[in-house]
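What follows is one structure encoded as structure tokens, with my remarks underneath.
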Amino acid sequence: MKKLFTTLSNIWKIQELKERILFTLLILLVYRFVSHVVLPGVDPNALGDNEKSGLLGLLDMFAGGSFSRVSILALGVMPYISASIVVQLLGIAVPSFQKMQKEGESGRKKMNQITRYLTVAITIVQSVGYVKTQVPAEAILLPNTLFLVLSTFVLTAGTLFVMWLGEKITDKGIGNGTSLIIMVGIIARLPVAISQEFSARVGSSAEGGGPVALVLEIVALFAVVMFTILIVQGVRKVPVQYAKKIVGNRQFGGVRQYIPLKVNAAGVMPIIFAQALMFIPGALMSLMPSLQGSWLIQFSNTTSLAYSLTFAFLIIAFTFFYTAITVNPTQMSDDMKKNGGFIPGVKPGFATSTFIDDVISKITFPGAVFLAIIAILPSLAVKFGIKQEFAHFFGGTSLLILVGVVLDTLQQIESYLLMRHYDGLMKTGRVTGRTGVPAASSNAAL
């Protein structure tokens, strides 16, 4: 406990770090306050129980409940995330985007501008769909056409406002702003989930289990979080030796460094892609009622064995796919060769590229399997009688985002402490710095 207070005191002594943390908390407070403002022309009393499930429930969790509250921030930052993913994939497949990526700061600014324009387009389309399908007709107080136009404008402005808040946190705060906003939205649902689970176990309307079951659930949640941290932080260090150069009386190079190849290089993206495909059967049944009694019904039930196995298989496949398009062994080999580096025992050039590709393939498979296990844990938790709301925190996208964002933020705080010659956050198991292994980013967030 003394170590904790000492660390907090050291954080408070660093003026820049203190200002960044306070600024971040202020922006997050503004976001949570605005997220409770309902769309103009909507009667909040007529919304009733507007809770979502499935994919809509996941979006509602990421938006911190704004989606079900019909808030002006109902779409949250998800259109911006979608636009960022599209631009990222274009940077892999389209030569003109690849060229922009290699232009340095100017290319990054161009791609950011394209991302913003694409965000506006995606938000307008999603706003129209949201108003037409998710806002109850009895809650609308304005003529339909006027309400549609007004809501589309307000929802688009709300998403741009959230995007601006995220950029301000990234520039003047601590951590990745967009990821922190998503994390706050997820955490905002945790008290409600715990309250529901507590009522189900030991409350007046208890369904069984008692306090012992509740304690076991908390212990299991803690173990799952620790397991997720291991997956997110896991790396395979590939040694790289740099050639020694002597200029005059000075020696340059000749040092050994490491390439940290992550066990889960794809982050949370395989789960997002797999979930998008797993919602296709449900969409088909809603469009074609004749399919309601077909074999597709088992793939719309998130707790069924067929759903879990298919979901796990898709995650493993997408993990290999996304790792293959984001990690380029050939480029890594060329960069090492240009800088006079080589892997001991491996020839530079093609042999190095093949070696790195082989290592990535070997560590990606267990990473993909563990990622699939984390993804289906919420379904298993529901099978064991845990409430759906609380089960979301036992794995899946939400848990990976929480872990990734927290580690990324702790990494930045740790860096500030070590730069000022203070001890880090922990005596052992450094987030970064002394171990030389950086914490996972949230892209992890995304």
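Atoms considered below: every heavy atom in the structure, side chains included; atoms not considered: hydrogens, waters and symmetry mates.
With hydrogens and angles disregarded, no donor-acceptor distance shorter than 3.5 Å links the side chain of Thr170 to the backbone of Asn176. At distances below 3.5 Å, at least one donor-acceptor pair connects side-chain atoms of Ser398 with backbone N or O atoms of His392. With Ser35 contributing its side chain and Arg32 its backbone, the two residues share a donor-acceptor pair below 3.5 Å. Checking side-chain atoms of Thr24 against main-chain N and O of Ile174 turns up a donor-acceptor pair under 3.5 Å. Not a single donor-acceptor pair under 3.5 Å links the side chain of Gln257 to the backbone N or O of Val240. Using modelled atom types, no side-chain atom of Thr159 and backbone atom of Val77 make a donor-acceptor pair closer than 3.5 Å. In this structure, the side chain of Glu197 does not engage the main chain of Leu214 through any donor-acceptor pair within 3.5 Å. At least one donor-acceptor pair closer than 3.5 Å links the side chain of Ser71 to the backbone N or O of Val37. With Ser333 contributing its side chain and Pro329 its backbone, the two residues share no donor-acceptor pair below 3.5 Å. Between the Thr228 side chain and the Val224 main chain, a donor and an acceptor come within less than 3.5 Å of each other.
Taking all atoms of both residues into account, the shortest heavy-atom contact from Phe23 to Lys168 is CE2-O, 3.4 Å. Nearest heavy-atom pair across Ala391 and Pro378 is O-CB, 3.4 Å. Between Thr409 and Gly175 the shortest heavy-atom distance is OG1-CA, 4.2 Å. Shortest non-hydrogen contact noted between Pro344 and Pro239 is CD-O, 3.5 Å. Closest non-hydrogen pair, Val38 versus Pro44, comes out as CG2-CG, 4.1 Å. The nearest pair of heavy atoms linking Ser127 to Leu75 is OG-CD1, 3.4 Å.
Using a 4.5 Å heavy-atom threshold, the side chains of Met336 and Ile343 count as touching. No side-chain heavy atom of Phe384 sits under 4.5 Å from any side-chain heavy atom of Glu217. Inter-residue side-chain proximity for Phe320 and Thr364 is flagged as met; some heavy-atom pair is nearer than 4.5 Å. At least one side-chain heavy atom of Phe393 sits under 4.5 Å from a side-chain heavy atom of Ile186. By the 4.5 Å heavy-atom criterion applied to side chains, Leu371 and Leu400 are counted as neighbours. Between Leu261 and Ile363, some side-chain heavy-atom pair lies under the 4.5 Å cut-off. Side-chain contact between Phe161 and Val30 is present, with at least one heavy-atom pair separated by less than 4.5 Å.
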Practice task
Step by step, work out the side chain to side chain contact (heavy atoms under 4.5 Å, CB included) result for Phe355 and Val238.
Solution key: CA-CA 10 Å; Phe355 176 82; Val238 177; 4.0 Å; yes
Handout entry: Worked verdict on Ile27 versus Lys172 for side chain to side chain contact (heavy atoms under 4.5 Å, CB included)
Key = CA-CA 10 Å; Ile27 294 295; Lys172 299 181 179 181; over 6 Å; no
Practice task
Start with the C-alpha gap between Lys110 and Gln113, add the side-chain angles, then the distance that decides, and say whether side chain to side chain contact (heavy atoms under 4.5 Å, CB included) holds.
Solution key: CA-CA 5 Å; Lys110 291 179 184 177; Gln113 197 67 18; 5.7 Å; no
Problem - salt bridge (Lys or Arg N to Asp or Glu O under 4.0 Å) assessment of Asp334 paired with Lys338 - result: CA-CA 6 Å; Asp334 292 342; Lys338 290 177 183 177; over 6 Å; no
Problem - Ile181/Leu28 under side chain to side chain contact (heavy atoms under 4.5 Å, CB included): CA gap, chis, key distance, verdict - result: CA-CA 7 Å; Ile181 286 175; Leu28 294 177; 4.2 Å; yes
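The neighbour count for Phe227 CZ, taken as heavy atoms of other residues, nucleotides or ligands under 6.0 Å away, is above 12. Heavy-atom contacts from other residues, nucleotides or ligands closer than 6.0 Å to NZ of Lys18 number more than 12.
In this structure, CD1 on Ile169 lies 10.0 Å from OG on Ser179, to the nearest 0.5 angstrom. Here the straight-line distance linking atom CD1 of Ile81 with atom OG1 of Thr119 works out to 9.0 Å at 0.5 Å rounding. Separation of atoms CG (Leu160) and CG (Leu155) is listed at 11.0 Å; rounding is to 0.5 Å. A distance of 10.5 Å separates CE in Met332 from OG1 in Thr330, rounded to the nearest 0.5 Å. In this structure, OG in Ser84 is found 10.0 Å from CZ in Arg116, a value given to the nearest 0.5 Å. In this structure, CD1 on Ile374 lies 7.5 Å from CG on Asn264, to the nearest 0.5 angstrom.
Ring geometry, Tyr130 versus Phe67: the interplanar angle exceeds 60°, so the pair is classed perpendicular (tilted spans 30 to 60°). Using cut-offs of 30° and 60° for the angle between ring planes, the Phe394 and Phe390 rings count as perpendicular.
Ring centroids of Tyr322 and Phe318 are separated by 6.0 Å or more, keeping the two rings apart.
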